[in-house]
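Bear in mind the structure is a predicted one, so any value in this text is a computation, not a measurement.
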Amino acid sequence: MGQRLRFAPSPTGLLHVGNARTALVNWLVARHTGGSLVLRIEDTDVERSDEENERAILADLAWLGIEWDEGPDIGGPYGPYRQSERLDRYTEVADRLVASGWAYPCFQTAEQVESLRQQARQGGGSFRFRGEHRDVSADEARALIEQGGAALRFKVPDTDVRFVDDLRGETGLVAGEIGDFVVTRADGSPTYNFAVVIDDHDMRIDRVVRGEDHLPNTPRQILLYEALEWQPPAFTHLPLILSPDRSRLSKRQGATSVAEIREGGVLPEALCNFLALLGWSPPDENEVLRPAELEAVYDVSKISAANSVFDLTKLEWLNGQHMALLSPGDLLDRVTPFLVEAGIELPGPGLGREREWFAAAAVLAGGGARRLTELAARLRELICPSWGGLFEANAEVRDDEEARAVVGAFAESSRAGELDNEEAYLDAVSRVREATGAAGRRLFHPLRLAISGRDSGPELKQLIPLLEVGARLALEPAVPGVAERIDRALGLRRS
RNA sequence: GGCCCUAUCGUCUAGCCUGGCCUAGGACACCGCCCUCUCAAGGCGGAGACACGGGUUCAAAUCCCGUUAGGGCUACCA
């Protein structure tokens with residue numbers, strides 16, 4: 001029987017990698033067990049929540065390939081899925097708590113409670129708040145609530161609270177550690193601990209997978225489940241993701257939002273793969289796994305309970321691996337937004353030959369690239385070099401008689417149309433070698449420099465035919481062929 | 001401060017539950033070699049860890065206690 005899981009982000013900002021990991025694990029477990037994933041928006045903090053963030057979070061999840069079965073955008077049998085739309089339900093349950101003597105009104109402000117807490121801390125002990133109306137009857141409580149302005153507090157019982165965390169085993173808190181916490185604010189809105197219990201129960205969630213920062217909250221929630229006589233779900237608290245200095249992951253130490261990572265040219269499957277590898281390792285030694293493969297082998301119970309550091313270098317490596325796994329057409333599709341940004345307009349999807357050429361060019365230019373942004377930059381440089389830069393890079397070729405002879409011969413071959421396939425190119429290489437006596441590095445280095453302005457890059461036997469074919473295609477901007485590049489490098493042609 | 005969680009190479013981890021098979025395995029990064037017109041990629045090899053201290057045991061990375069360190073919570077945030 002599949003499990004029902006949920007991912008419940010708060011729309012107070014962009015989707016963070018930590019939350020993305022939580023979402024991914026929930027999704028993986030739901031898929032692996034044949035269960036379902038519920039997406040719920042926790043927007044009870046009206047001050048900090050906004051719709052723009054919610055839209056962005058949904059878009060980021062979709063980009064990652066995380067699909068939900070029920071949610072605010074698609075509905076489902078246990079909606080609504082936005083806490084701001086469930087206020088009546090929270091009030092209903094709060095009334096029930098008051099009626100059964102589990103909750104009472106409290107007029108102390110947050111500031112007053114905070115100063116009590118500070119005092120207790122000075123004294124060195126732990127702090128446990130209890131409101132003055134804690135022991136009133138249900139009728140008295142209702143009368144007090146009538147006056148308005150009261151928050152509702154949960155009357156925490158004097159018992160130990162134990163529960164099982166899937167990764168840590170039994171844990172909990174001893175009696176007296178928890179003070180009476182607020183369940184409903186003075187304005188009537190529910191607090192996190194309260195709303196989450198009601199929603200998880202109402203939405204039939206049987207397994208909660210969330211960040212370890214929620215571990216100390218769990219006993220409070222267990223207490224609520226008990227007071228309400230509901231069955232609590234199973235809990236799995238995921239360790240946190242840390243910055244390289246082992247402090248809390250912060251913006252200062254690089255990209256922490258999914259949006260930034262995407263804009264940095266990272267593939268969603270690479271990010272998922274990377275996130276899955278935090279705290280977990282696959283049963284066999286291959287770590288490069290696509291979403292479907294992850295789904296098949298991922299085992300949430302094997303996740304380490306220790307926090308892990310976000311290692312950007314490994315993410316980049318994985319990205320390179322996933323880029324290499326893509327078909328030429330897919331790679332071109334993925335890099336297209338970055339090419340557009342780099343000023344290259346791609347021919348529409350209808351133009352078969354031109355698109356095929358671009359796809360081949362992307363594969364060739366991208367050899368070893370780790371990010372789509374890097375591939376786009378390399379591709380741009382390859383197909384439309386700056387003439388000034390090319391000329392400058394070729395001073396040594398112009399000053400060297402043999403080098404000049406080599407590239408001049410290739411320019412001739414190009415003009416004769418003898419370089420547009422690998423075989424013809426290889427023949428041309430043999431002829432030039434014989435005619436000039438240049439071989440090896442002395443033959444290839446000037447040629448590479450003259451056509452690309454660089455001393456490293458893709459294999460010439462692939463690059464040269466590609467450029468020659470590209471030059472004959474009606475591309476915009478036009479791709480200069482080998483002869484033109486050499487002319488520019490030698491300064492024989494200027495515009 | 002109080003409470004909770006955690007602790008194997010620089011990083012992500014396997015091994016820990018069910019002590020001997022661990023001379024502690026893999027991946028990223030690093031170094032070297034090979035391949036090669038170049039840079040990558042790829043192949044091969046190298047260096048690199050059981051936080052510390054006590055126990056328990058014939059035997060501890062593995063079990064127990066403590067210390068230290070890191071992280072979390074301590075809100076009418078989530």
Looking at [N], which nucleotide sits across from it as a Watson-Crick or G-U wobble partner, both distances under 3.5 angstrom, or is there none?
{"N": "B:C50", "value": "none"}
{"N": "B:C22", "value": "none"}
{"N": "B:C35", "value": "none"}
{"N": "B:C3", "value": "B:G72"}
{"N": "B:C17", "value": "none"}
{"N": "B:C63", "value": "B:G55"}
{"N": "B:A27", "value": "B:U11"}

Donor-acceptor list for residues 447-462 of chain A side chains, cut-off 3.5 Å, not counting sequence neighbours:
| unit_1 | atom_1 | unit_2 | atom_2 | d |
| --- | --- | --- | --- | --- |
| A:Arg448 | NH1 | A:Pro458 | O | 3.0 |
| A:Arg448 | NH2 | A:Pro458 | O | 2.9 |
| A:Ser452 | OG | A:Arg448 | O | 2.7 |
| A:Ser452 | OG | A:Arg454 | N | 3.2 |
| A:Ser452 | OG | A:Arg454 | O | 3.4 |
| A:Arg454 | NE | A:Glu381 | OE1 | 3.4 |
| A:Arg454 | NE | A:Glu381 | OE2 | 2.6 |

A:Glu177 or A:Phe181, whichever maps to the more 5' nucleotide of RNA chain B:
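Its nearest nucleotide being more 5', the pick is A:Glu177.
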Which comes earlier along RNA chain B counting from the 5' end, the contact point of A:Phe444 or that of A:Arg220, where each point is its nearest nucleotide?
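In this pair, the answer is A:Phe444.
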What do you reckon, are the aromatic ring centroids of [X] and [Y] less than 6.0 Å apart?
{"X": "A:Phe154", "Y": "A:Trp102", "value": "yes"}
{"X": "A:Trp280", "Y": "A:Tyr298", "value": "yes"}
{"X": "A:Phe274", "Y": "A:Phe310", "value": "yes"}

List in numerical order all residues of residues 313-326 of chain A for which some heavy atom is under 4.0 Å away from an atom belonging to RNA chain B.
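Correct list: A:Thr313, A:Lys314, A:Trp317, A:Gln321.
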Verify the contact: side-chain N or O of [X] to OP1 or OP2 of [N], cut-off strictly under 4.0 Å; return yes or no.
{"X": "A:Thr171", "N": "B:C5", "value": "yes"}
{"X": "A:Arg48", "N": "B:A78", "value": "no"}
{"X": "A:Arg248", "N": "B:G72", "value": "yes"}
{"X": "A:Arg246", "N": "B:A51", "value": "no"}
{"X": "A:Ser308", "N": "B:U13", "value": "yes"}
{"X": "A:Thr184", "N": "B:C76", "value": "no"}

Under 4.0 Å, heavy atoms only, any strand: does [X] hit a base, just the sugar-phosphate, or nothing?
{"X": "A:Gly179", "value": "nothing"}
{"X": "A:Arg370", "value": "sugar-phosphate"}
{"X": "A:Ser10", "value": "sugar-phosphate"}

What interatomic distance, in whole Å, is found between [atom1] of [M] and the corresponding atom of [N]?
{"N": "B:A47", "M": "B:C31", "atom1": "P", "result": "16 Å"}
{"N": "B:U11", "M": "B:C52", "atom1": "C1'", "result": "22 Å"}
{"N": "B:G53", "M": "B:U13", "atom1": "C1'", "result": "27 Å"}
{"N": "B:C12", "M": "B:G71", "atom1": "P", "result": "14 Å"}

Charged N-O contact under 4.0 Å between A:Arg130 and A:Asp158
yes
Salt-bridge contact A:Arg431-A:Glu412 (side-chain N to carboxylate O under 4.0 Å):
no
The criterion is side-chain contact (heavy atoms from CB on, under 4.5 Å); which residues satisfy it with A:Ala270, sequence neighbours excluded?
A:Val266, A:Leu267, A:Asn319, A:His322
Candidate pair A:Thr44 and A:Ser84, rule side chain to side chain contact (heavy atoms under 4.5 Å, CB included), full reasoning
CA-CA 6 Å; A:Thr44 58; A:Ser84 58; over 6 Å; no
